Amino acid sequence: METPASQPPPPMFPRSRIYHSYYSEEKTFSAPSANTQQGNQLPSKVYNKGLKDLEDNDIEGLLSKLSIDELEDLNNDFDPDNSMLPPSQRCRDQTDKEPTGPYKRDNLLKFLEEKAKTEKDWDDVCPYTPGVKRGKVYDSDSGRNSEEPEVGKMEMPIEIDLDDDEEELECALVSAPEKDLVDLAGILGMHNVLNQPQYYNALKGKTQDETTGTTFNGIIQSYVPRIVPDEPDNDTDVESCINRLREDDTDLKEVNINNMKRLSKERIRTLIEAACNSKHIEKFSLANTAISDSEARGLIELIETSPSLRVLNVESNFLTPELLAKLLRSTLVTQSIVEFKADNQRQSVLGNQIEMDMMMAIEENESLLRVGISFASMEARHRVSEALERNYERVRLRRLGKDTNV
């Protein structure tokens with residue numbers, strides 16, 4: 001359909017944008033239906049959902065009846081961030097003023113500076129006065145803005161005008177009570193003449209009382225430490241344990257000689273050899289006994305031969321990383337050890353090769369659940385953690401009566 005010369009120019013957006021709405025709200029047009037008969041030209045409501053059913057002649061007829069301002073408003077209703085629109089319509093020129101000349105940066109900056117100087121500043125609700133706080137004062141103790149002083153605090157701060165004569169200032173200080181001088185010393189930061197409670201009370205605006213002292217000679221009570229009883233010594237009878245282990249006593253399931261540094265190395269070797277004969281021992285602890293590799297080598301045979309041993313603790317000793325790796329490797333024979341603690345040895349750095357050996361031994365072991373060794377390598381820590389999680393999963397499946405072939 002041709003457009004008469006008196007009608008406004010066509011819109012600056014594509015016709016396809018009319019067929020589909022990019023907004024959720026409902027727009028209503030009053031237009032003649034394309035399916036109505038010639039005799040009944042009744043207006044009908046057309047919604048966005050039905051715009052695609054209209055013919056092109058109806059759309060052109062609707063647009064031809066709009067004024068230039070209505071077309072501009074309709075064009076502004078579309079989303080400028082829509083990627084379906086061309087850049088010329090997403091970034092259209094909206095300036096109506098004619099340019100006054102070419103762009104000059106220096107002139108523009110000069111104009112902005114002059115305009116800023118000539119404009120009046122905003123009127124302050126409370127004019128600025130030196131030394132006076134405007135607004136509410138924030139109280140850090142209560143966490144809120146307080147207008148009235150709380151109980152136990154000074155009603156008004158100490159005000160001193162240092163511009164007055166020295167004689168008046170000296171008279172004011174001489175006649176002031178010592179309690180106020182203590183507060184003044186705390187405000188001025190003279191903490192060397194005050195005790196700690198007096199200083200912090202002065203900073204927080206609290207009054208001095210009998211607990212902190214109201215004079216410069218105030219003495220505060222010292223903190224009385226809580227008396228903690230010492231841990232009792234390990235009273236394990238080593239001779240009795242050795243005899244019962246040799247006889248394979250069924251009631252002896254735990255041997256604990258932790259912190260017994262005065263125990264001779266020979267007795268420790270004898271104890272380890274006797275533990276190899278027991279088939280019922282479940283926990284063996286030798287933490288902080290100052291044993292070295294020569295005494296701890298017997299633990300390899302104990303781990304490989306004892307089917308009942310579950311927990312082994314050799315922390316805080318003088319074992320080398322090589323021996324620790326052999327101990328972990330020996331757990332693969334019976335795979336009955338559940339907890340292995342060997343941290344805090346004299347040589348804190350294990351070495352990359354030793355850590356990899358320990359890591360592989362833990363991954364092959366299907367019974368270990370807790371390992372007390374500090375690995376420096378991130379890979380070793382991660383893989384050991386995953387191996388222990390798999391072992392916990394096996395325990396859970398075994399508890400449920402399922403197959404443990406994970």
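Note that the structure is a prediction, hence the values are computed from the model and not measured.
Once rounded to the nearest 0.5 Å, the distance linking CD of E389 with CG of L369 reads 12.0 Å. The distance from atom OG of S67 to atom CG of D73, rounded to the nearest 0.5 Å, is 8.0 Å. S240 contributes atom OG, which lies 8.0 Å from atom CG of L252 (distance to the nearest 0.5 angstrom). Separating the CD atom in E282 from the CG atom in L309 is a distance of 9.0 Å, to the nearest 0.5 Å. Taking CZ of R244 as the start and CG of D251 as the end, the distance is 6.5 Å to the nearest 0.5 Å. Between the CG atom in L286 and the CE atom in M260 there is a gap of 10.5 Å [rounded to 0.5 Å].
The nearest pair of heavy atoms linking A342 to L324 is CB-CD2, 3.7 Å. Taking both residues in full, the closest heavy atoms of S278 and S306 are given as O-OG, 4.2 Å, listed atom of the first, atom of the second, then distance. Taking all atoms of both residues into account, the shortest heavy-atom contact from V384 to F375 is CG2-CE1, 4.0 Å. The nearest pair of heavy atoms linking I337 to T331 is CG1-CG2, 3.9 Å. Between C276 and T305, the shortest heavy-atom contact is O-OG1, 4.3 Å. Counting all heavy atoms, side chain and backbone alike, L319 lies closest to D293 at CA-OD1, 3.4 Å.
Residues I362 and L328 have side chains in contact (heavy-atom distance under 4.5 Å, counting atoms from C-beta outward). A 4.5 Å side-chain heavy-atom check between R390 and E363 finds at least one atom pair inside the cut-off. Contact check for V395 versus R398: side-chain heavy atoms found under the 4.5 Å cut-off. Counting heavy atoms from C-beta outward, M358 and I373 have side chains that approach closer than 4.5 Å. Taking the side chain as every heavy atom from C-beta outward, I268 and L271 never approach each other to under 4.5 Å. Taking the side chain as every heavy atom from C-beta outward, V338 and R370 approach each other to under 4.5 Å. Residues R269 and S294 form a side-chain contact, since some pair of their non-hydrogen atoms from C-beta on lies under 4.5 Å apart. Looking at heavy atoms from C-beta onward, I354 lies out of side-chain contact with D357 at the 4.5 angstrom threshold.
Residues K341 and E315 are not paired through a salt bridge, judged by the lack of any N-O separation under 4.0 Å between the basic side chain and the carboxylate. Salt bridge R329/E364: present, at least one basic N to carboxylate O contact under 4.0 Å. With respect to E393 and R396, a salt bridge is recorded, a charged nitrogen being found less than 4.0 Å from a carboxylate O. Under a 4.0 Å N-O distance rule, the pair E339/R310 does not qualify as a salt bridge. Between E239 and R267 there is a salt bridge, since at least one side-chain N of the basic residue sits less than 4.0 Å from a carboxylate O of the acidic one.
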>> Go through it in stages, so that I can follow the logic: the residues are K283 and K253, the test is side-chain contact (heavy atoms from CB on, under 4.5 Å), and I'd like the CA-CA distance, side-chain angles, deciding distance and then a yes or no.
In response: CA-CA 6 Å; K283 186 175 180 180; K253 296 183 179 181; over 6 Å; no
> Taking it one step at a time, do I291 and F318 satisfy side-chain contact (heavy atoms from CB on, under 4.5 Å)?
Replying inline: CA-CA 6 Å; I291 60 175; F318 305 115; over 6 Å; no
> Which is it for I272 and F284 under the side-chain contact (heavy atoms from CB on, under 4.5 Å) test, yes or no, and what are the steps along the way?
Replying inline: CA-CA 9 Å; I272 295 175; F284 198 24; 4.0 Å; yes
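Under a 3.5 Å cut-off, the side chain of S64 and the backbone N or O of G61 do form a donor-acceptor pair. S385 contributes no side-chain N or O that, together with a main-chain N or O of H382, makes up a donor-acceptor pair within less than 3.5 Å. The backbone N or O of E266 lies less than 3.5 Å from a partner atom in the side chain of T270, making a donor-acceptor pair. Although no hydrogens or angles enter the test, the distance criterion places a donor-acceptor pair under 3.5 Å between the side chain of N365 and the main chain of S367. Side-chain N or O atoms of D343 include none that pairs as donor or acceptor with a backbone N or O of G372 at under 3.5 Å. In terms of modelled atom types and a separation under 3.5 Å, the side chain of E355 and the main chain of A376 share a donor-acceptor contact.
Between S292 and E295, the side chains place a donor N or O and an acceptor N or O closer than 3.5 Å (distance only, hydrogens not considered). With hydrogens and angles left out, the side-chain atoms of R246 and N243 include no donor and acceptor closer than 3.5 Å. Side chains of T236 and N234: a donor-acceptor N/O pair is present below 3.5 angstrom, by distance only. Between D248 and H280, the side chains place a donor N or O and an acceptor N or O closer than 3.5 Å (distance only, hydrogens not considered).
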Pairs of donor and acceptor atoms involving the side chains of residues 296-304, under 3.5 Å and at least two apart or interchain, shall be tabulated with distances.
none

Identify every side-chain donor-acceptor pair in residues 101-125 under 3.5 Å, counting partners at least two apart or on other chains, and give the distances.
unit_1: T118; atom_1: OG1; unit_2: E114; atom_2: O; d: 3.1
unit_1: T118; atom_1: OG1; unit_2: K115; atom_2: O; d: 2.9

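The neighbour count for K279 NZ, taken as heavy atoms of other residues, nucleotides or ligands under 6.0 Å away, is above 12. Counting heavy atoms of neighbouring residues, nucleotides and ligands inside a 6.0 Å radius, atom CD of E70 exceeds 12 of them. For M360, the CE atom sits in a loose shell: 12 or fewer heavy atoms of surrounding residues, nucleotides or ligands are nearer than 6.0 Å.
For the side-chain hydrogen bond (donor to acceptor under 3.5 Å, both in side chains) with S316, the qualifying choice from T289, N344, N288, N259 is N344, the only one to do so.
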